[in-house]
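Just so we're clear, the structure is a prediction, and the values are computed from it rather than from any experiment. Remember, it's 1-based here, ligands and their atoms both numbered in the order they're listed.
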Amino acid sequence: MPLRRLDGWRVLAGAVSGLLAGFAALASAELVSAAVRPEAGPVVAVGGAAIDRTPASVKDWAIQQFGTDDKLVLQIGILAVLALLAGVLGVVALRRRLVGAAGVLLFGVIGALAATGRPDSTALSDALPSLTGSVVGAGLLYGLGGRLATTSPWAVDRASAPPTSGDVPGPDKHTPAGWDRRGFVIAATVAAAASTGVGALGKSFNASRGRAAVASREGVELPSPASPARAVPAGARVRVPGVSSFITSNKDFYRVDTALVVPKVNAGTWRLRIHGTGVTRETRLSFADLLGRELIERDITLTCVSNEVGGPYVGNARWIGVRLADLLTEHGVVPPSRGGPADQLVARSVEGMTIGTPVDDVMDGRDAMLALGMNGRPLPFAHGFPVRMLVPGLYGYVSACKWIEDIELTTFDDYDPYWVKRDWAREAPVKTQSRIDTPKPFARPKAGTVMVAGVAWAQHRGIDKVEVRVDDGPWRPADLAAEDTRDTWRQWSFPWPATPGGHTLTVRATDRTGAVQTARRTRTIPDGASGRHSVVVTVD
Ligand SMILES: Nc1nc2c(c(=O)[nH]1)N[C@H]1C(S)=C(S)[C@@H](COP(=O)(O)O)O[C@H]1N2
Ligand SMILES: [Mo]
């Protein structure tokens, strides 16, 4: 037999059938996940498993590179890899349909393992979306393969061609000219249309699941707090354009969490369990129980441990919530400094996050709270609706559990929460920091008086002084705006008589313990970045 030319169209059709199989698998998985839970879908599960296993340094790098888009980048990456592998499997299936189909099933198993291995997975049913999807995908690949069957696309001297495996019909049983193009195109079109329909159905079911939660949020009326925050002092805001607004709006508030799908929790069915060592009265509280208590309203600045010096992961909001210390006391909790048995409070969220906080910090008189409201609104879903924890003075990863549903009293010896298992410090008070908001790096201000301004924070200690240095000159005191509370950041400004040329501006803060913000640069891991923020500008 003469050497037949490589049939490029057939290879392409193979790749297309692989892609279609992948698409059908994901679409049916989406539909099944609507019946199980949206988080059990393969892309979310594999993405979540990847996040759980990413070394802290890589995760930190991803946050720096992509910011809040890190999750989108991850999902696009997963889909791109899946598409590539699906295409390859499709080509493999040209010669070995069973191998191709088995490959698709293998992905289903990987997805199922990822889904059931997530910390929030409580049922084996989480394996169903991936498994069902892969069975559909494998079946489709096998079926489409029937339309493509002929000799190997590459080869072709029959004598030297590898033995045809049993599942591949020999060329002569099919169209002698090669493969069944018409049949393939029809089958592929039908498969694509069916998958699109199934996927769309799954998406709409998943969306309607969230609708009850959305309605429950819209129904929340925040009562006026028994203990309101005082008005932000007029002098707390410096009047310099470019400074961060004193209160960060909900939409501008940074978001850092591991959730690929923002949990949509229905406040009507939500419960908070309080239990553990030293809890004399274990309870489950409803959202209405919390709303019915005396509420406090406080301005609190929240900071992420992943914030680089000068970085954006800090925000200040007016929160309304329940005093956590009172709630714990009612449940019999005694802090270790007064002889209590539990030194760690572990908060768990609906999606399986665990966050550990020193019980002494929660109960030492500061305004640790279960927040229900943020800037006058129920918490946004992305910021923890219906309830999140906040402890002034501690980084978010050791204090600010969003979508909280469980509080367990335990010890630091007995339990390591999520981030601690991943090399971050057990305890992490916020480090004293300051940031230049204006001028921006590489700005070109005109010579004359240039207003340098920004924010400084040392939550729960308070900021007492901010100083600015130009190049290697002396430290000069900045004008400090009035303090709102020692749990909030403080704005500052500095009128700089700028002379032409390149200059470096550096800022440092001193907190109320008298400690000066260190110049020693450290990484964010394990307990927060230290060092001083500098901005280089060229004065014209
Ligand atoms: N459930 C849950 N809560 C969480 C996290 C998370 O990943 N999951 N991240 C924590 C971290 S690291 C920070 S800095 C704050 C950020 O809160 P924000 O997104 O509302 O700004 O939430 C904390 N609470
Ligand atoms: Mo964080």
Practice item. Just jot down the ligand 1 atoms closer than 4.0 angstrom to any heavy atom of E351, in number order. Key: 1 (N), 2 (C), 8 (N)
Review point. Only one of E467, Q517, Q433, H533 clears side chain to side chain donor-acceptor pair (under 3.5 Å) with R508; which?
Key: E467
Exercise for review: Examine R255 relative to F381 and say whether NZ or CZ is less than 6.0 Å from the centre of the six-membered ring and inside a 45° cone about the ring axis.
Suggested key: no
Practice item. Starting from atom 16 (C) of ligand 1, locate the nearest protein heavy atom and write down its residue, its atom name and how far away it is, to 0.1 Å. Key: V256 O, 3.6 Å
Point to revise | Part of M353 within contact of ligand 1 (heavy atoms, under 4.0 Å) | key: side chain
Study note, to complete from the structure: I355 meets the side chain to side chain contact (heavy atoms under 4.5 Å, CB included) criterion, sequence neighbours left out, with M353, T357, C401
Practice item. Find all atoms of ligand 1 within a distance of less than 4.0 Å from any non-hydrogen atom belonging to Y397, and give their numbers and elements. Key: 11 (C), 12 (S)
Practice item. Consider every N or O of D257 and every N or O of ligand 1, then say whether any pair is closer than 3.5 Å. Key: no
**Study point:** Within-cut-off N or O pair, K402 and ligand 1, under 3.5 Å
**Key:** yes
Review point. What part of W403, side chain, backbone, both or neither, has a heavy atom within less than 4.0 angstrom of ligand 1?
Key: side chain
Check your understanding: In terms of heavy-atom contacts, does CD of E282 have more than 12 from other residues, nucleotides or ligands at under 6.0 Å?
Key -> yes
Exercise for review: May I ask you to say whether E483 pairs ionically with R512, meaning some side-chain N is under 4.0 Å from a carboxylate O?
Suggested key: yes
Exercise for review: May I ask you to check whether Y254 has an N/O atom sitting below 3.5 Å from an N/O atom of ligand 1?
Suggested key: yes
Review point. If you count the atoms of ligand 1 from 1 in the order shown, which ones are under 4.0 Å from a heavy atom of A400?
Key: 22 (O), 23 (C), 24 (N)
Review point. Just distances here: any N/O of H383 and N/O of ligand 1 closer than 3.5 Å?
Key: yes
**Study point:** Structural part of S349 in contact with ligand 1, heavy atom criterion under 4.0 angstrom
**Key:** side chain
Exercise for review: Please verify whether a non-hydrogen atom of I355 lies at under 4.0 Å from ligand 1.
Suggested key: yes
Check your understanding: Taking N or O atoms only and a 3.5 Å limit, does F253 qualify as a polar contact for ligand 1?
Key -> no
Review point. Quick one: does ligand 1 sit under 4.0 Å from the side chain of I404, the backbone, both or neither, non-hydrogen atoms only?
Key: neither
Check your understanding: Any idea which atoms of ligand 1 are less than 4.0 Å away from a heavy-atom of C304?
Key -> 14 (S)
Exercise for review: Could you walk me through whether I463 and R486 pass the side chain to side chain contact (heavy atoms under 4.5 Å, CB included) test, one step at a time?
Suggested key: CA-CA 7 Å; I463 290 289; R486 61 190 172 128; over 6 Å; no
Point to revise | I404 vs L272, side chain to side chain contact (heavy atoms under 4.5 Å, CB included): CA-CA, chis, key distance, verdict | key: CA-CA 7 Å; I404 189 172; L272 174 68; 4.2 Å; yes
Exercise for review: From the options R255, M374, R388, select the one whose nearest heavy atom is closest to atom 15 (C) of ligand 1.
Suggested key: R388
Practice item. Could you tell me whether the side chains of R461 and T432 share a donor-acceptor contact shorter than 3.5 Å? Key: yes
Check your understanding: Out of D484, N316, T248, which residue meets the side chain to side chain donor-acceptor pair (under 3.5 Å) rule with T301?
Key -> N316
Point to revise | K402 side chain to A382 backbone, donor-acceptor under 3.5 Å | key: yes
